[in-house]
Each structure stands twice: as C-alpha cells, then as structure tokens.
Participant: 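I'd like to ask you about the structure that follows.
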Amino acid sequence: MEPAPGPQEKYHLITRNLQEVLGEDKLMAILKERELKIYWGTATTGKPHVAYFVPMSKIADFLKAGCEVTILFADLHAYLDNMKAPWELLELRTCYYENVIKAMLESIGVPLEKLKFVRGTDYQLSKEYTLDVYRLSSVVTQHDAKKAGAEVVKQVEHPLLSGLLYPGLQALDEEYLKVDAQFGGVDQRKIFTFAEKYLPSLGYAKRVHLMNPMVPGLTGSKMSSSEEDSKIDLLDRKEDVKKKLKKAFCEPGNVENNGVLSFIKHVLFPLKSEFVILREEKWGGNKTYTTYEALEKDFAEQVVHPGDLKNSVEVALNKLLDPIREKFNSPELKKLTSAAYPNPSKAKPAEKGTKNSEPEDVIPSRLDIRVGKVISVEKHPDADSLYVEKIDVGEPEPRTVVSGLVQFVPKEQLQDRLVVLLCNLKPQKMRGVESQGMVLCASSVGEPRQVEPLDPPAGCCAGERVYVEGYEGGEPDDELKPKKKVFEKLQADFRISEDCVAQWKQKNFLTKLGRVSCKSLKGGSIS
C-alpha cells in the first residue's frame with residue numbers, strides 16, 4: 001500500500017497545471033492540519049464536450065491528494081445566465097449533466113463513491129440562502145456585480161437582472177457547501193475576487209481559489225458549447241471525431257493557441273503520465289513521450305508532424321469516449337439526451353403545398369467560413385485577372401484558392417494578410433487550376449467598382465471560425481451542393497453596414513475576438 005502523501009506532495013498534486021492560485025498560504029496551512037474541502041460547479045446549459053475532461057483530470061488530482069470533493073450541478077445558475085437553460089428543460093438537462101459527468105469520471109478511473117454530488121436547487125431555494133441573497137444585494141454595487149460576471153455571464157445589449165445576481169449566488173455557494181476552496185477556469189477569476197471581497201461583509205470566511213487555464217478549442221479559440229466546430233461532443237461518433245480533428249487548427253511548429261497540444265497537456269498527460277505518437281516506420285515509428293515538455297519541443301522543431309499528432313490524439317480520445325458512448329447507448333439515456341437537447345431543426349414541417357414550405361433550413365451556420373492567412377500570391381499562369389493564392393486555414397496543408405482580385409488589390413497587400421474564406425464550396429477548376437475556397441470581399445454598389453477583402457479582427461488565428469451573430473451553433477455542411485444554391489440564397493442578404501461591419505440580415509459576422517469588417521465600402525455587397 002502506498003504511503004499517504006505529505007502536505008507538500010498534496011500541494012503539488014492540487015496545484016499542478018493550474019494557471020493561478022489565490023490564497024496559497026491558507027491552502028498550505030489547511031493541508032498541514034487536515035484534508036482540503038473543495039468544490040467544482042458547472043452550470044447545466046449546453047452539452048458538455050471533451051474540454052470537460054480538463055476539470056475532470058484535476059478532480060482526479062484532488063482525490064489523489066486526499067481532498068473531500070463536491071461537484072455542484074448549478075441548475076439555478078443555468079437559468080439565471082440569460083436563460084441559457086429554459087425552465088421547462090432545467091430538470092432534464094441537470095439529469096443529463098449528472099449522468100454524463102459521472103460517465104466521464106468513470107472513464108478516467110475516478111471512484112464516484114469518494115465524491116459528493118449536489119444540485120443548486122437542493123439548497124439555493126431555502127429561507128436562509130434566500131435571505132443571504134438579499135443581504136448580499138444590499139452591499140454589492142451594480143458595477144461590481146456586472147464586472148464580476150463579465151467573463152462568464154452571457155453579455156447582451158439589454159442585460160437581465162438575473163445576470164447581476166449570478167456572481168452573488170456563486171459566492172454564497174462556498175459558504176453553503178461548507179468548503180475551504182473553489183475550483184474553476186481562469187475565466188471565473190472576477191467572480192472569485194468578488195467572493196473574496198463580499199463574503200466577509202456577511203461574516204463568512206474568505207476561501208481559497210484554484211484556477212485552470214482556458215484550454216483552446218480545436219479552432220484555436222476557447223472551446224465552447226455554442227461553437228460547433230470548436231468542440232468535440234462526448235457522444236460524437238468516431239467518424240465525427242476524425243472529421244473535427246482533421247479541421248482542427250494545428251499549424252506545423254506552432255505551439256500557441258494549439259487546441260490539440262493543449263488537450264494532450266491538460267488531459268492525456270495527467271491521466272497516463274505518457275503519450276504515444278503513432279506513426280509509420282518510414283517516418284520513424286511510434287515514439288513514447290514521458291513529459292509534455294519533450295513533446296512540445298519536438299512539435300515546435302517540427303520533428304512531430306501535425307497529422308501524426310492528430311491521429312494519435314484521435315486514438316487516445318476515442319478510448320476515453322468509448323465507455324461514455326456505450327453508457328449513453330441505452331434506450332433511457334438516448335431518450336433523456338433528445339428530451340434535454342431537442343433538435344431545433346426538427347420543427348413541425350409546413351404542410352405540403354403551402355406557400356412557405358421549405359425542404360431544409362437555409363441558415364448561416366451551414367457555411368464553413370474561417371479566418372485564413374495568405375501564405376503566397378501568384379498571377380494565374382493562364383489568366384491575367386486572376387491570382388492563385390495559398391491560404392492557411394488551420395489544416396495540415398494550405399488551400400489553393402483562385403481569386404479575381406488582380407485589378408482591385410495589389411499582390412503585396414494580399415501577401416501575409418488575414419482574410420475570410422468560405423471553405424465548403426465544391427472545389428472547381430478556374431482556367432485549369434482547382435480552387436478550394438472563396439475569399440469573401442466587400443464590393444461597392446456604384447461605378448467604378450471597388451473591392452476590399454473582408455478583415456477579421458486583429459489577433460485571430462488561421463482556422464478560427466467566422467459565424468453570424470445568433471447562429472454560433474450548428475454544424476456546417478461538409479460540402480455545399482451547387483444545385484441547392486445555399487450560399488447564393490444566403491448571400492442575397494449579405495451587406496456592409498454604415499460602420500463597415502459585414503452582416504447577414506443586419507446580424508454581424510463575428511469571430512471570438514469581435515466583428516468582421518472592411519476598410520471603407522459602407523453599404524456595399526459581399527461576394
């Protein structure tokens with residue numbers, strides 16, 4: 001039997017791979033006296049995805065360190081956060097979360113009997129808790145409440161009062177769950193400092209706060225339930241996992257904002273203490289890494305190819321997902337999944353022959369639009385008005401794209417710039433060169449015609465998804481069928497606003513970093 005870890009070893013297990021700890025001295029003092037009591041909460045909103053393995057692997061660390069761990073299913077918070085979970089679906093989604101989180105923990109070998117599971121509504125509707133919410137509201141300023149929730153609560157133009165209550169409830173949870181510490185992502189930092197400031201004003205102790213880094217999604221931005229391409233669902237089929245990993249941003253030698261590498265660092269290494277790169281003998285054969293740093297160094301030096309990295313992650317990830325898929329293959333859990341997350345596209349179809357019957361939804365999320373970086377620009381060998389560009393869209397190889405921009409944009413202005421690329425048009429030959437996408441540009445309405453490529457926000461990564469406001473979810477078509485003219489129907493409502501923002505039906509084109517725009521063509525079209 002292994003000897004129990006000492007305070008220093010426990011501290012290492014609890015804090016490894018964290019981005020920040022608030023209250024380190026207090027944490028060490030508790031560990032010298034007794035076991036730490038800690039909780040992790042999750043609002044029961046969108047479907048949990050593979051990034052949830054990041055906090056799960058830390059929960060495994062906490063248990064190894066002897067901590068008493070509580071998992072909170074924050075059902076009331078899910079409703080307060082701009083009604084991300086409608087009241088009528090709240091119970092179903094909480095039940096789904098409970099089943100899927102337990103399945104994840106079992107898949108990584110965490111013993112469930114050592115954990116305590118609690119629902120927010122088990123205690124948040126009590127007389128005592130409600131009175132404390134009122135007490136807290138009498139000392140918290142609107143400014144502090146809004147600031148605390150800025151990174152977590154959905155930000156809208158006309159915020160609801162419920163979003164201002166959210167941080168206060170999360171602070172009170174620390175007291176009512178009787179814990180020493182709260183664990184969460186670094187996006188929770190403002191809520192954690194809010195709790196440290198205001199709990200003492202009610203006579204309650206300040207807690208320790210442990211923060212995980214935000215793991216990039218597969219597109220290089222935060223992995224998000226609302227951005228379909230950025231995440232792999234826990235119940236995705238193996239072929240879906242392969243497809244999403246194939247699209248994942250993983251530029252050769254680039255270790256920044258690399259969601260594939262981050263998943264290895266924060267999930268696969270802590271679970272197994274090693275990672276195997278699978279590759280054919282002619283490329284050097286399999287190689288086992290016992291430290292993440294060695295793998296990152298080899299990837300940075302291009303000893304490890306992105307394709308081999310993705311294939312190896314695919315194999316390891318499917319091993320984690322297989323028991324979850326198997327559990328959710330039961331009739332009861334299949335029924336729960338479809339009830340908790342009803343498919344919006346399965347609305348009642350219009351009667352045959354009615355004026356507005358439409359065989360399928362023509363919505364912007366069907367377009368696979370991404371940020372691209374122009375690597376090279378050359379004149380088309382057989383057409384003076386065409387450029388042939390190589391554009392990086394976060395795939396193992398850049399795409400070849402043919403654009404009719406010669407008379408509008410000088411070659412040097414395209415070289416190395418970020419552009420917005422439509423990636424799921426059917427490839428077609430243009431004067432003998434196959435074009436694998438379309439650079440989206442703003443065009444002036446009058447003569448002489450002016451054309452400007454659309455500009456993603458500064459700081460975007462190649463491969464990052466571009467979406468239309470309100471249509472963040474949904475899986476793009478693998479390939480748009482020319483006969484169905486999906487792009488053409490949507491393009492009819494593409495416009496440049498008066499402040500030069502790209503829009504569809506007055507809804508902005510966005511990335512995670514902000515709005516897509518053009519330089520000067522107000523009121524123009526987009527093609």
Side-chain angles (χ1 to χ4, degrees), residues 39-64 69-75 78 84-85 89-122 183 212 215 217-218 223-226 228 230-245 263-264 266-272 312-343 346 473 475:
Y39 99 89
W40 172 73
T42 180
T44 52
T45 52
K47 274 187 181 178
H49 43 74
V50 295
Y52 278 63
F53 276 117
V54 178
M56 296 303 107
S57 69
K58 275 312 298 176
I59 287 168
D61 280 346
F62 298 152
L63 290 175
K64 284 177 197 166
V69 182
T70 297
I71 291 181
L72 171 68
F73 298 109
D75 47 359
K84 279 185 183 174
L89 294 179
L90 209 54
E91 171 65 27
L92 291 165
R93 288 194 178 176
T94 304
C95 192
Y96 177 87
Y97 262 68
E98 204 163 328
N99 278 282
V100 87
I101 295 291
K102 286 179 179 178
M104 290 180 78
L105 290 164
E106 286 172 329
S107 127
I108 62 172
V110 173
L112 298 186
E113 64 273 11
K114 291 191 174 182
L115 293 162
K116 183 180 177 184
F117 296 93
V118 179
R119 293 186 181 200
T121 47
D122 290 345
F183 163 61
N212 250 350
V215 176
L218 299 176
M223 202 177 285
S224 163
S225 296
S226 62
E228 198 65 30
S230 86
K231 53 98 178 181
I232 293 171
D233 190 274
L234 296 166
L235 303 180
D236 273 350
R237 299 168 304 163
K238 289 187 177 184
E239 50 266 41
D240 294 325
V241 172
K242 181 183 283 292
K243 184 172 76 172
K244 288 181 180 180
L245 277 170
F263 189 77
I264 296 169
H266 292 285
V267 176
L268 300 177
F269 256 108
L271 293 177
K272 300 285 184 185
S312 307
V313 167
E314 182 189 338
V315 170
L317 181 53
N318 277 317
K319 282 181 184 174
L320 293 178
L321 296 180
D322 279 341
I324 302 171
R325 293 182 187 118
E326 189 177 345
K327 181 175 179 177
F328 273 77
N329 209 24
S330 71
E332 299 81 11
L333 289 181
K334 278 184 175 178
K335 186 178 177 182
L336 172 64
T337 304
S338 58
Y341 297 94
N343 188 340
K346 289 186 178 176
E475 184 79 10

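If you're wondering where the values come from, they're calculated on a predicted model, not measured in any experiment.
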Participant: Just distance, no hydrogens or angles: give the donor-acceptor pairs under 3.5 Å from side chains in residues 98-107, sequence neighbours left out.
Facilitator:
{"from": "Glu98", "atom 1": "OE1", "to": "Arg119", "atom 2": "NE", "distance (Å)": "3.2"}
{"from": "Glu98", "atom 1": "OE1", "to": "Arg119", "atom 2": "NH2", "distance (Å)": "3.2"}
{"from": "Asn99", "atom 1": "ND2", "to": "Cys95", "atom 2": "O", "distance (Å)": "2.9"}
{"from": "Ser107", "atom 1": "OG", "to": "Leu320", "atom 2": "O", "distance (Å)": "3.0"}

Participant: Can you check side chain to side chain contact (heavy atoms under 4.5 Å, CB included) on Leu112 and Phe117, steps first, answer last?
Facilitator: CA-CA 9 Å; Leu112 298 186; Phe117 296 93; 4.2 Å; yes
Participant: Of the non-hydrogen atoms in Ser57 and Ile108, which two are nearest, and what is the gap between them?
Facilitator: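 Heavy atoms of Ser57 and Ile108 come nearest at N-CD1, 4.1 Å.
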Participant: Between Phe62 and Tyr39, does the ring centre distance come in under 6.0 Å?
Facilitator: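 No, the ring centres sit 6.0 Å or more apart.
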Participant: Where do Leu333 and Lys327 come nearest, in terms of heavy atoms and distance?
Facilitator: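 That closest heavy-atom pairing would be CD1-O, 3.4 Å.
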Participant: Is any side-chain heavy atom of Pro48 closer than 4.5 Å to a side-chain heavy atom of Tyr96?
Facilitator: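 Yes. Closest side-chain heavy atoms under 4.5 Å.
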Participant: Are Leu317 and Val267 packed together at the side-chain level, in the sense that at least one heavy-atom pair is separated by less than 4.5 angstrom?
Facilitator: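 They are not in side-chain contact.
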Participant: Can you confirm whether Lys114 is buried at NZ, in the sense that more than 12 heavy atoms of other residues, nucleotides or ligands lie under 6.0 Å from that atom?
Facilitator: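 Counting neighbours around NZ of Lys114, 12 or fewer heavy atoms of other residues, nucleotides or ligands fall under 6.0 Å, so no.
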Participant: Please step through side chain to side chain contact (heavy atoms under 4.5 Å, CB included) for the pair Ile71 and Val118, ending with a clear verdict.
Facilitator: CA-CA 6 Å; Ile71 291 181; Val118 179; over 6 Å; no
Participant: Are the side chains of Phe53 and Leu268 in touch, meaning some heavy atoms are under 4.5 Å apart?
Facilitator: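 No, every pair of side-chain atoms sits at 4.5 Å or beyond.
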Participant: Tell me which one of Lys244, Lys243, Lys242 satisfies side chain to side chain donor-acceptor pair (under 3.5 Å) with Asp236.
Facilitator: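 That would be Lys244.
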Participant: Give me the one residue out of Thr94, Leu89, Leu90 that meets side chain to side chain contact (heavy atoms under 4.5 Å, CB included) with Leu92.
Facilitator: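 Filter result, single survivor: Leu89.
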Participant: Using 4.0 Å as the upper bound for N to carboxylate O, is an ion pair formed by Asp75 and Arg93?
Facilitator: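 Result for this pair is no, no salt bridge flagged.
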Participant: Do the side chain of Asn318 and the main chain of Glu314 share a donor and acceptor less than 3.5 angstrom apart?
Facilitator: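 Present.
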Participant: Quick check: do Thr45 and Tyr97 have side-chain heavy atoms less than 4.5 Å from each other?
Facilitator: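 They are in side-chain contact.
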Participant: For Asp122, which residues count as a salt bridge (charged side-chain N to carboxylate O under 4.0 Å, His left out) partner, sequence neighbours excluded?
Facilitator: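 Expected list: none.
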Participant: Any non-hydrogen side-chain atom of Val110 less than 4.5 Å from a side-chain atom of Met56?
Facilitator: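 They are not in side-chain contact.
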Participant: Can you confirm whether Trp40 sits close enough to Leu72 that some side-chain heavy atom of one is under 4.5 Å from a side-chain heavy atom of the other?
Facilitator: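 No, every pair of side-chain atoms sits at 4.5 Å or beyond.
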Participant: Taking the six-membered ring for Trp and the full ring for Phe, Tyr or His, determine whether the centres of Phe263 and His266 are under 6.0 Å apart.
Facilitator: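 Here the rings of His266 and Phe263 have centres that are no less than 6.0 Å from each other.
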